[in-house]
Participant: 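Shown below is the structure under consideration.
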Amino acid sequence: MTLDENWFSEPHMDMAFSLRIKGKLHEEQTPFQKIEIYDTVGFGKLMVIDGCVMLTDRDNFIYHEMMSHPVLFAHPNPRNVLIIGGGDCGTLREVLKHDCVQHATQVDIDERVTRLSEQYFPRLCESNGDPRARLLFDDGIAHVKNAEAGSIDVIIIDSTDPVGPAEGLFSTAFYRDCLRALGSDGLLVQQSESPLLHTDSIIRPMHDSLRQAGFLDVLTLHFPQASYPSGWWTASIAAKDATVNFHREEAAEELPFDTDYYNAAIQRAAAATPEFFRRKLFA
Ligand code: SAM
């Protein structure tokens, strides 16, 4: 079957992911990237940055819940949370479900991502007015460099792929600055792409760079994500001064808020390591 103009397609390596669309709702080139919004037939609204799917109405809950809840339940007492990227505000909304979080700062380089999310994905932005939330528009690399040492409990790096403005967010120098900004028990989590496609090119180098920067332990969590290349995605958690543990497992068992994907059993299952992945990372 040949796809016509009624489809959006994201080619990646030797495959492509496509969604049937009703039409394009918006397109703009910001100083940082090209943003497009589509209305799709089966996945609701779709945001695309530089040709790559960022999120759809239908499946963003999995990504946003897996970027936030596992790391927050792995920390003994997360009060100060920093989100780098995440301009669609879906991760921020999940973080603010945790009553123990006192401050959640989101630093996205591109204010237009947030403004368009407010317009086209209002549910993701419904907690932006929470008094604990602070939305800044700045380069996450500079923000972390200038952060007070030991001031942050959890850093969540919810970025685009490691090209363009996000490239430096995958570097040893950036991870060193994150390590310095984290307090004791500090944890970092970063979206780490597809295990099927990017283990050699991104995930293994990320583990190496995090350890070179001084993080003591790194654990990669796996989850399905239909709209990202290969449909299988990861988030990697790095611990400043301990092993990555499920510290607040009991609290997660009694989940005090609603989720659509995350629960304690999902967190345990997501930490299981497939054989090819274990060989490539630890052999
Ligand atoms: N879930 C998405 C994915 O993996 O495809 C990421 C979503 S979120 C929209 C990614 C955000 O990272 C974008 O809004 C982009 O502006 C932001 N970003 C990229 N580089 C950045 C940087 N150096 N500092 C802060 N934000 C950055």
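Atoms within each ligand, like the ligands themselves, are counted from 1 in listed order.
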Participant: List the steps, then state whether side-chain hydrogen bond (donor to acceptor under 3.5 Å, both in side chains) holds for Trp233 with Glu193.
Facilitator: CA-CA 5 Å; Trp233 217 245; Glu193 312 270 315; 5.1 Å; no

Participant: Who passes salt bridge (Lys or Arg N to Asp or Glu O under 4.0 Å) against Arg93, sequence neighbours left out?
Facilitator: Glu126

Participant: Check Gln191 against ligand 1 and report side chain, backbone, both or neither, counting heavy atoms closer than 4.0 Å.
Facilitator: side chain

Participant: Which protein heavy atom lies closest to atom 9 (C) of ligand 1, and at what distance to 0.1 Å?
Facilitator: Asp88 OD2, 3.4 Å

Participant: I need the nearest protein heavy-atom contact for atom 24 (N) of ligand 1: residue, atom name and distance, please.
Facilitator: Gly140 N, 2.9 Å

Participant: Among Trp233, Tyr228, Phe32, which residue places a heavy atom closest to atom 1 (N) of ligand 1?
Facilitator: Tyr228

Participant: Could you check whether His69 and Glu94, counting side-chain N and O atoms only, form a donor-acceptor pair closer than 3.5 Å?
Facilitator: yes

Participant: Apply salt bridge (charged side-chain N to carboxylate O under 4.0 Å, His left out) to Asp50 and Lys34, showing your working.
Facilitator: CA-CA 5 Å; Asp50 288 340; Lys34 180 175 162 190; over 6 Å; no

Participant: Apply side-chain hydrogen bond (donor to acceptor under 3.5 Å, both in side chains) to the pair Tyr38 and Glu36, showing each step before the final yes or no.
Facilitator: CA-CA 7 Å; Tyr38 294 87; Glu36 295 164 276; 2.7 Å; yes

Participant: Hey, which atoms in ligand 1 end up nearer than 4.0 Å to a heavy atom of Met54?
Facilitator: 1 (N), 2 (C), 5 (O), 6 (C), 7 (C), 9 (C)

Participant: Looking at ligand 1, does Cys52 have a heavy atom less than 4.0 Å from it?
Facilitator: no

Participant: Of the side chain and backbone of Met47, name the one, both, or neither that has a heavy atom under 4.0 Å from an atom of ligand 1.
Facilitator: neither

Participant: Number the atoms of ligand 1 from 1 as they appear, then name those within less than 4.0 Å of a heavy atom of Val53, with their elements.
Facilitator: 5 (O)

Participant: Identify, by atom number and element, the atoms of ligand 1 in contact range of Ala166, meaning under 4.0 Å from any of its heavy atoms.
Facilitator: 19 (C), 20 (N)

Participant: Does the salt bridge (charged side-chain N to carboxylate O under 4.0 Å, His left out) test come out yes or no for Asp177 and Lys145, once each step is laid out?
Facilitator: CA-CA 5 Å; Asp177 290 336; Lys145 204 182 265 306; 3.3 Å; yes

Participant: Count I, L, V, M, F, W, Y as connected when their side-chain heavy atoms are under 4.5 Å apart, and connections chain through other members. Are Ile237 and Trp232 then in the same cluster?
Facilitator: no

Participant: For the side chain to side chain contact (heavy atoms under 4.5 Å, CB included) test, which of Ser209, Pro205, Pro162 pairs with Phe170?
Facilitator: Pro162

Participant: Is it the case that Gln190 and Tyr175 place a side-chain donor and acceptor less than 3.5 Å from each other?
Facilitator: yes

Participant: At less than 4.0 angstrom from any non-hydrogen atom of Asp110, what atoms of ligand 1 do you find?
Facilitator: 16 (O)

Participant: Report the residues that fulfil side-chain contact (heavy atoms from CB on, under 4.5 Å) with Pro76, sequence neighbours left out, ordered by chain and then residue number.
Facilitator: Asp185, His247

Participant: Please compare Pro162, Pro165, Gly164, Gly85 and report which has the shortest non-hydrogen distance to atom 20 (N) of ligand 1.
Facilitator: Pro165

Participant: Less than 3.5 Å between some nitrogen or oxygen of Asp161 and one of ligand 1, yes or no?
Facilitator: no

Participant: Which bit of Leu55 is near ligand 1, meaning a heavy atom under 4.0 Å away: side chain, backbone, both or neither?
Facilitator: neither

Participant: Which atom names give the shortest non-hydrogen contact between Phe32 and Ile109, and what distance separates them?
Facilitator: CE1-O, 3.2 Å

Participant: For Asp158, take its heavy atoms, then give the atoms of ligand 1 lying under 4.0 Å from any of them.
Facilitator: 1 (N), 6 (C), 7 (C), 8 (S), 10 (C), 11 (C), 12 (O)

Participant: Just to confirm my output: which protein heavy-atom neighbour is closest to atom 11 (C) of ligand 1, and how far is it?
Facilitator: Asp108 OD2, 3.3 Å

Participant: Please confirm whether His64 approaches ligand 1 to less than 4.0 Å, judged on its heavy atoms.
Facilitator: no

Participant: Which option out of Thr160, Val113, Asp139, Ile157 puts a heavy atom nearest to atom 12 (O) of ligand 1?
Facilitator: Thr160

Participant: Which of the atoms in ligand 1, numbered in the order shown and given with their element, are less than 4.0 Å from a heavy-atom of Gly86?
Facilitator: 8 (S), 11 (C)

Participant: What do you reckon, does Ile109 have a nitrogen or oxygen under 3.5 Å from a nitrogen or oxygen of ligand 1?
Facilitator: yes

Participant: Give the numbers and elements of all ligand 1 atoms closer than 4.0 Å to a heavy atom of Val107.
Facilitator: 25 (C), 26 (N)

Participant: Under a 3.5 Å cutoff, is there a donor and acceptor pairing between the side chains of Asp158 and Gln191?
Facilitator: no

